[in-house]
> 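One structure, pasted below without further comment.
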Amino acid sequence: QEQEQEESIGVVDKKEPNEHTEVERAVAADKQKRFNDMTRQRTELEQALDVIEGLHESVQELTVALQEEIRQRRSAEEQLADARREIDALRYDKLITRIETITRETEISTDRLRKNETEQEGKEEQEEQ
């Protein structure tokens, strides 16, 4: 009986290390799984961070390009406004020149009419005499 008890105790003792080993294996497997999950999540987060940094750089490049386009557009608008002012000035100058030409032509015509009137009056006076 004692032997049986010792054997059963020994069996129990033998079983206990096996049970501990299985628990330790389960705990180790769980730790490994959590470690693998954390490593995978870390890798995914690093990849997401790389994507976000890439997007950030793209946004910055687009912002710079957009600012340059806005600057060029403003410059073009200013050049267009300058050109319109120059055209208006040329039109004004052309109009002034045309008015001056008409005025001179009118003065010349008026002078001719006066001269003709004077000549006509002179002829009429000669005829009367």
> Using a strict threshold of under 4.0 Å (side-chain N to carboxylate O), is an ion pair present between R34 and D30?
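Between R34 and D30 there is a salt bridge, with a charged N closer than 4.0 Å to a carboxylate O.
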> Do E69 and R73 meet the salt-bridge criterion of a basic N to acidic O distance under 4.0 Å?
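Judged by the 4.0 Å cut-off on N to carboxylate O distance, R73 and E69 do not form a salt bridge.
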> Say you draw a straight line from CD of E100 to CG of D93; how long is it, rounded to the nearest 0.5 Å?
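Between E100 CD and D93 CG, I get 9.5 Å after rounding to 0.5 Å.
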> Less than 4.5 Å apart, side chain to side chain, heavy atoms only: is that true for D50 and E53?
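They are in contact (side-chain heavy atoms under 4.5 Å apart), so the answer is yes.
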> Answer yes when R84 and D88 have at least one side-chain N-carboxylate O distance shorter than 4.0 Å, and no when they do not.
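Salt bridge: no.
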> Using 0.5 Å steps for rounding, measure from the CG atom of L66 to the CD atom of E61.
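Output value for this atom pair is 13.5 Å.
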> Can you confirm whether the side chains of N36 and Q32 place a donor and an acceptor under 3.5 Å from each other?
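Q32 and N36 do have a side-chain donor-acceptor pair below 3.5 Å.
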> Between E22 and R25, is there a salt bridge with N-O shorter than 4.0 Å?
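A salt bridge is absent here (no side-chain N lies under 4.0 Å from a carboxylate O).
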> If I take atom CD1 from residue I99 and atom CD1 from residue I102, how far apart are they, to the nearest 0.5 angstrom?
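If I round to the nearest 0.5 Å, the distance is 7.5 Å.
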> Counting N and O atoms only, with roles assigned by atom type, does the side chain of T63 sit under 3.5 Å from a partner on the main chain of V59, one being a donor and the other an acceptor?
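Such a contact is found between T63 side chain and V59 backbone.
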> Are I87 and R91 packed together at the side-chain level, in the sense that at least one heavy-atom pair is separated by less than 4.5 angstrom?
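A side-chain contact exists here, since the closest heavy-atom pair is under 4.5 Å.
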> So, taking the atom named NZ in K33 and the one named CE in M38, what distance separates them when rounded to the nearest 0.5 Å?
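Here the rounded value is 12.5 Å.
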> Does a salt bridge link E78 with R74, judged by any charged N lying under 4.0 Å from a carboxylate O?
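The answer is no: the pair does not qualify as a salt bridge.
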> When rounded to the nearest 0.5 angstrom, what distance separates CG in L113 from NZ in K115?
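Here the interatomic distance stands at 12.0 Å.
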> Rounded to the nearest 0.5 Å, what separation is found between the CG atom of L80 and the OG atom of S75?
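Those atoms lie 11.0 Å apart.
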> Could E44 and R40 be called an ion pair, given the rule that one side-chain N must be under 4.0 Å from one carboxylate O?
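R40 and E44: salt-bridged.
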